[in-house]
Every structure is written in structure tokens, then in C-alpha cells.
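Inspection log for the structure reproduced underneath, given as C-alpha cells.
Both backbone and side-chain heavy atoms feed into the values below; hydrogens, waters and symmetry mates do not. This chain uses plain numbering: 1 for the first residue, then up along the sequence.
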Amino acid sequence: VYLFSGIIVINFFSECFSNGARAFVVNGALIKKIYLPRQLFSLSTIWVGIIHFLPQILVLFVACFVVGWSPDIKQILAAAVGIVLIMLFGLAVGMIFGVANVFFRDSENLVDMFLMMATWLSPVMYSWTMVAREVQIPHIEQIYMTNPLSVAVELFHYAFWQPTLSVEQQGFLLEAGNWHMFPHLLTIWVPVAFGVSLVLLLLGNYLFRKFEGNFAQEL
């Protein structure tokens with residue numbers, strides 16, 4: 001459950017990001033022929049991502065119930081917040097790279113590289129506590145959690161994995177120093193993650209409006 005809840009977050013983001021980065025180029029024929037709000041091409045990638053995300057989260061639900069999932073309302077809301085955060089972050093970076101891809105087609109290769117790195121820059125294959133233990137950089141945990149994907153993955157761990165643990169299991173993990181919810185995850189780092197995503201979305205929208213007039217010529 002720990003592994004799969006992180007993987008589906010990365011899969012959802014990867015689809016939103018990669019499709020968003022290619023949205024304007026793939027729909028170049030429509031952009032050149034008819035006028036319509038071109039932001040719709042970026043927004044449509046989020047809906048496609050949701051369609052592919054739903055079967056994965058249904059499998060996660062089944063797995064969680066099998067192993068004794070018993071969440072409270074706070075944890076259910078945390079999962080919903082995580083989904084919205086992924087959508088917002090994926091739309092933001094997808095729009096930025098979508099504009100770049102119109103003018104520099106090699107930027108697609110950068111997207112693939114970032115997606116490969118995304119899994120390892122978020123606590124999917126490991127616990128966030130390993131970051132502070134293995135990387136000897138001051139305040140590395142705080143730097144690490146400015147990544148909205150790290151926050152989204154931790155929200156899913158909190159919503160899906162933690163409610164499957166017994167009190168004894170949670171106590172054992174705490175004593176071993178292997179896992180506990182990131183401090184102030186809900187009160188500080190969720191707002192920070194949304195702030196970072198909104199800034200990137202504003203940047204993407206600014207770039208889009210600035211260069212939109214040259215899209216048809218470049219495509």
C-alpha cells in the first residue's frame with residue numbers, strides 16, 4: 001500500500017505533465033485552422049489523466065480494505081487535497097513546457113528526464129526520514145518538501161497507508177525511526193505546495209499569453 005499509493009501519484013502527475021507538454025504541438029492542426037481558447041488543450045490533459053487515474057485508485061481502495069483500512073474524515077480529505085494538488089502542479093508545469101515545446105521541440109526530452117527523476121525526488125521507494133539521515137545538508141527536509149510531489153505522496157501515505165497500520169505497528173516504526181508523518185504536513189507544507197504550484201501556474205499562463213500569437217506560425 002505504501003509503494004502503490006506513491007506510484008499512482010507519480011503516474012497521475014506524469015500523464016498530466018507529459019500530455020500537457022505536448023498538448024499544443026499535438027493539436028497544432030486545430031490551432032492553425034480554428035480559433036478557440038487554447039488553454040483548453042492544457043486543461044483537457046488533466047481530464048485524460050483523471051480517467052486513467054480512476055482505475056488505479058480503485059485498485060488501491062481494494063488493497064486498503066483487504067489489509068484493514070480504517071481512515072477518519074481528516075485522512076479522506078487529505079487524499080482529496082492530494083489529488084487537487086497533483087492536478088494543479090501537473091497543469092502548471094505542463095503549460096510551461098507546452099509553450100516551450102512549441103518553439104524548442106527538444107524540450108520534450110527534458111520532460112522525459114524530469115519524469116524519470118520525479119519518482120526518486122519523492123518518498124515513493126523510500127521514507128522521507130531517509131533524506132535527512134543520508135543527505136548531510138542543513139534543512140534538507142524543508143528543501144525536499146518544497147516539491148509539491150513530495151507533499152502529494154505524503155498526503156496519500158497519510159490517507160491510505162497509515163490507516164492500515166495497527167497501533168503496535170505505528171509504535172514500532174516510530175521507535176525504529178523509519179517513518180512518521182512529516183511534521184506540519186497539513187498546516188504548513190500543504191499550503192506551501194499549493195503556493196509553489198500557483199506561482200508556476202501564473203508563470204505558465206504569463207508565458208502562454210505572451211507567446212500565444214506566434215503559435216500558429218511556429219506550428
Side-chain angles (χ1 to χ4, degrees), residues 1-23 42-64 69 75-76 78-98 101 107-131 134-135 140-141 143-164 178-179 181-182 185-186 189-190 192-198 200-201 204:
V1 171
Y2 183 92
L3 181 64
F4 190 60
S5 59
I7 286 175
I8 66 172
V9 169
I10 298 299
N11 287 347
F12 186 21
F13 169 75
S14 297
E15 183 149 14
C16 294
F17 183 20
S18 60
N19 290 344
R22 298 174 175 88
S42 291
L43 287 170
S44 67
T45 63
I46 302 300
W47 293 110
V48 173
I50 290 173
I51 291 171
H52 294 159
F53 174 69
L54 288 176
Q56 298 179 62
I57 202 168
L58 287 176
V59 172
L60 178 60
F61 277 134
V62 172
C64 287
W69 187 49
Q75 289 164 326
I76 293 173
V81 170
I83 292 171
V84 174
L85 178 58
I86 303 162
M87 292 167 58
L88 184 63
F89 186 50
L91 176 63
V93 292
M95 183 173 289
I96 291 172
F97 277 84
N101 196 34
S107 62
E108 286 190 14
N109 299 325
L110 292 176
V111 171
D112 294 333
M113 182 184 70
F114 288 145
L115 290 177
M116 181 180 64
M117 294 168 57
T119 302
W120 303 105
L121 291 174
S122 304
V124 177
M125 305 290 186
Y126 56 88
S127 167
W128 70 266
T129 55
M130 294 178 64
V131 176
E134 302 296 334
V135 182
I140 184 61
E141 307 102 308
I143 297 171
Y144 179 77
M145 290 301 286
T146 57
N147 172 16
L149 273 184
S150 295
V151 176
V153 171
E154 278 299 288
L155 284 172
F156 266 56
H157 287 160
Y158 172 63
F160 294 105
W161 181 62
Q162 184 177 345
T164 66
N178 290 329
W179 180 87
M181 189 174 71
F182 196 92
L185 174 67
L186 303 179
W189 296 107
V190 167
V192 167
F194 273 99
V196 170
S197 301
L198 285 171
L200 291 174
L201 184 60

Value rounded to 0.5 Å, distance of [atom1] in [X] from [atom2] in [Y]:
X	Y	atom1	atom2	result
Met145	Leu185	CE	CG	5.0 Å
Met113	Asn109	CE	CG	9.5 Å
Asp112	Met117	CG	CE	13.0 Å
Ile96	Asn101	CD1	CG	13.5 Å
Phe13	Leu115	CZ	CG	6.5 Å
Ile57	Phe156	CD1	CZ	4.5 Å

Take Phe53 and Ile83 through the test side chain to side chain contact (heavy atoms under 4.5 Å, CB included) and record every step on the way to the result. CA-CA 10 Å; Phe53 174 69; Ile83 292 171; 3.8 Å; yes
Heavy-atom closest contact ([X] atom, [Y] atom, distance):
X	Y	result
Thr129	Ser127	OG1-OG, 2.9 Å
Pro123	Tyr2	O-OH, 3.6 Å
Trp69	Ala159	NE1-O, 2.9 Å
Ile86	Ala152	CG1-CB, 3.8 Å
Leu3	Met125	CD1-SD, 3.5 Å
Pro148	Val196	CG-CG1, 4.0 Å

Residue among Leu85, Val9, Val124 satisfying side-chain contact (heavy atoms from CB on, under 4.5 Å) with Leu149: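 Running side-chain contact (heavy atoms from CB on, under 4.5 Å) over Leu85, Val9, Val124 with Leu149 returns exactly one hit, Val9.
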Could you walk me through whether Phe4 and Ile8 pass the side chain to side chain contact (heavy atoms under 4.5 Å, CB included) test, one step at a time? CA-CA 6 Å; Phe4 190 60; Ile8 66 172; 3.4 Å; yes
Ser122 side-chain N/O to Thr119 backbone N/O, donor-acceptor pair under 3.5 Å: no
Examine distances only and state if a side-chain atom of Asn147 and a backbone atom of Leu121 form a donor-acceptor pair shorter than 3.5 Å.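 Yes: the side chain of Asn147 pairs with the backbone of Leu121.
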Does the side chain of [Y] come within less than 4.5 Å of [X]'s, by heavy atoms?
X	Y	result
Val111	Phe114	no
Phe194	Val151	no
Ser42	Leu91	yes

One pair to check against side chain to side chain contact (heavy atoms under 4.5 Å, CB included): Trp189 and Thr146. What are the steps and the verdict? CA-CA 7 Å; Trp189 296 107; Thr146 57; 4.1 Å; yes
With sequence neighbours excluded, give me every side chain to side chain donor-acceptor pair (under 3.5 Å) pair touching residues 49-58.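 Only Asn11-Gln56, Glu15-His52 qualify under side chain to side chain donor-acceptor pair (under 3.5 Å).
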Can Phe17 and Thr45 be said to form a side chain to side chain contact (heavy atoms under 4.5 Å, CB included), step by step? CA-CA 8 Å; Phe17 183 20; Thr45 63; over 6 Å; no
Do Tyr126 and Trp120 make the cut of ring centroids closer than 6.0 angstrom?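 No; Trp120 has its ring centre 6.0 Å or more from that of Tyr126.
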